[in-house]
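Heads up, the thing below is written out as structure tokens.
Heavy-atom basis, side chains included; hydrogens, waters and symmetry copies ignored. Residues: numbered from 1 along the sequence shown. For ligands, and for the atoms within them, numbers begin at 1 and follow the listed sequence.
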Amino acid sequence: MWKQISDRISLAIGENFAARSPRSVSGGCINEGYKVTDGRLEFFVKINRADRVSMFEAEAAGLEQMAATQTIRVPKPICWGVASDASYIVLEWLNLGQGNTKAQRKMGRQLAKLHQYSGSTAFGWTQSNTIGSTPQINYWKSDWIKFWQEHRIGYQLELAHRQGGNFPQANAIMAAIPQLLTHHEPQPSFVHGDLWGGNAAVTDEGEPVIFDPAAYWGDREVDLAMTELFGGFSSAFYAGYNEVAPVDAGYERRKILYNLYHILNHYNLFGSGYAGQANRMIEQLLQF
Ligand SMILES: Nc1ncnc2c1ncn2[C@@H]1O[C@H](COP(=O)(O)OP(=O)(O)OP(=O)(O)O)[C@@H](O)[C@H]1O
């Protein structure tokens, strides 16, 4: 496998590359991550089962589209595909850390600029992708409320129902979504889609980077909401974001609805430990 991947890297970069003893890099829980080097060049490689190759195709497309906005740094995808019985994606290697306050502020400003970039009149994307390893449906819709209701909350509730989940207010929350999003008319922003703290970092040169996206054209607030769900972003980050594109009134309520998607997904991926949290969020939303 590594010989094949080395050959594809060589083809992509137009010079000879032969990986020496790939080193496992911890961090991700969906894929196996490796640092590969020939002593001179370095790359980050993620490996999964061969039948998961579409996940890497979508990751590469998402990264390329974000890079094209020239707003915030993302790792450059070098090549991806199937080698032996595995799928892989090769990305430029970045020396990543947490960064200081200045870098966090810059990250906030740059994320806001990504969100201000306009390029679509509808919500969705050219391809569906994955959130964790769950399919994420991106069929186009011109109506954000319908998009969120059907492709996000409805889809996850259906998956949860099929695995026996007990969400007594599932129908009620589906019916309440139009009301919860009323008077909110977001422009489609190209969102990262999975912006927890583990998917954002700062290079050793102080440049903010976001990676491992589940991208689509959506309400920018989905990214902000997720940054708050598991923490990891400092007040400087939010100050930077608000300098460029202050959040709209009503965000605090929508935030719960947007994060419900991720908690339902966690239920579907990791099991019943997340059911209580999802039900509490649903109850909270139904009280508005
Ligand atoms: N281009 C890169 N260069 C160096 N290290 C990287 C790079 N991209 C990611 N990393 C590091 O590897 C870790 C795992 O990367 P990533 O989140 O892309 O993997 P994953 O398996 O898809 O993760 P997840 O389980 O979050 O879906 C990151 O937290 C980061 O520390």
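The shortest N/O to N/O separation between W93 and ligand 1 does not fall below 3.5 Å. Looking at ligand 1, you'll find an N or O of E92 within less than 3.5 Å of one of its N or O atoms. The N/O atoms of P75, backbone and side chain alike, include none that comes under 3.5 Å of an N/O atom in ligand 1. Below 3.5 Å of separation, one finds no N or O of L91 facing any N or O of ligand 1.
Remark: of the listed residues F147, Y139, F123, F147 is the sole one forming a ring-ring contact (aromatic ring centres under 6.0 Å, His included) with Y216.
Heavy atoms of N199 found under 4.0 angstrom from ligand 1 belong exclusively to the side chain. Under 4.0 angstrom from ligand 1, there are no non-hydrogen atoms of F43.
Hydrophobic side-chain contacts under 4.5 Å tie F17 into a cluster, directly or through other members, with M1, W2, I5, I9, I13, Y34, V36, L41, F43, V45, I47, I78, Y88, V90.
At least one heavy atom of L96 sits under 4.0 Å from some atom of ligand 1.
Counting the atoms of ligand 1 from 1 in the order shown, those under 4.0 Å from a heavy atom of I30 are 21 (O), 24 (P), 25 (O), 27 (O). Close approach to N31 involves these atoms of ligand 1, each under 4.0 Å from a residue heavy atom: 20 (P), 21 (O), 22 (O).
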For residues 272-288, run the donor-acceptor check on the side chains, cut-off 3.5 Å, and write out each pair with its distance to 0.1 Å, sequence neighbours left out.
from : atom 1 : to   : atom 2 : distance (Å)
N279 : ND2    : N166 : O      : 3.1
N279 : ND2    : A275 : O      : 3.4

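At least one donor-acceptor pair under 3.5 Å links the side chain of N129 to the backbone N or O of A215. Listed for the H266 side chain is a donor-acceptor partner under 3.5 Å among the backbone atoms of H262. No side-chain donor-acceptor contact under 3.5 Å links N31 to the backbone of N48.
Taking 4.0 Å as the cut-off between side-chain N and carboxylate O, R73 and E92 count as a salt-bridged pair.
When the heavy-atom distances from atom 29 (O) of ligand 1 to A214, P213, G198 are ranked, the shortest goes to G198.
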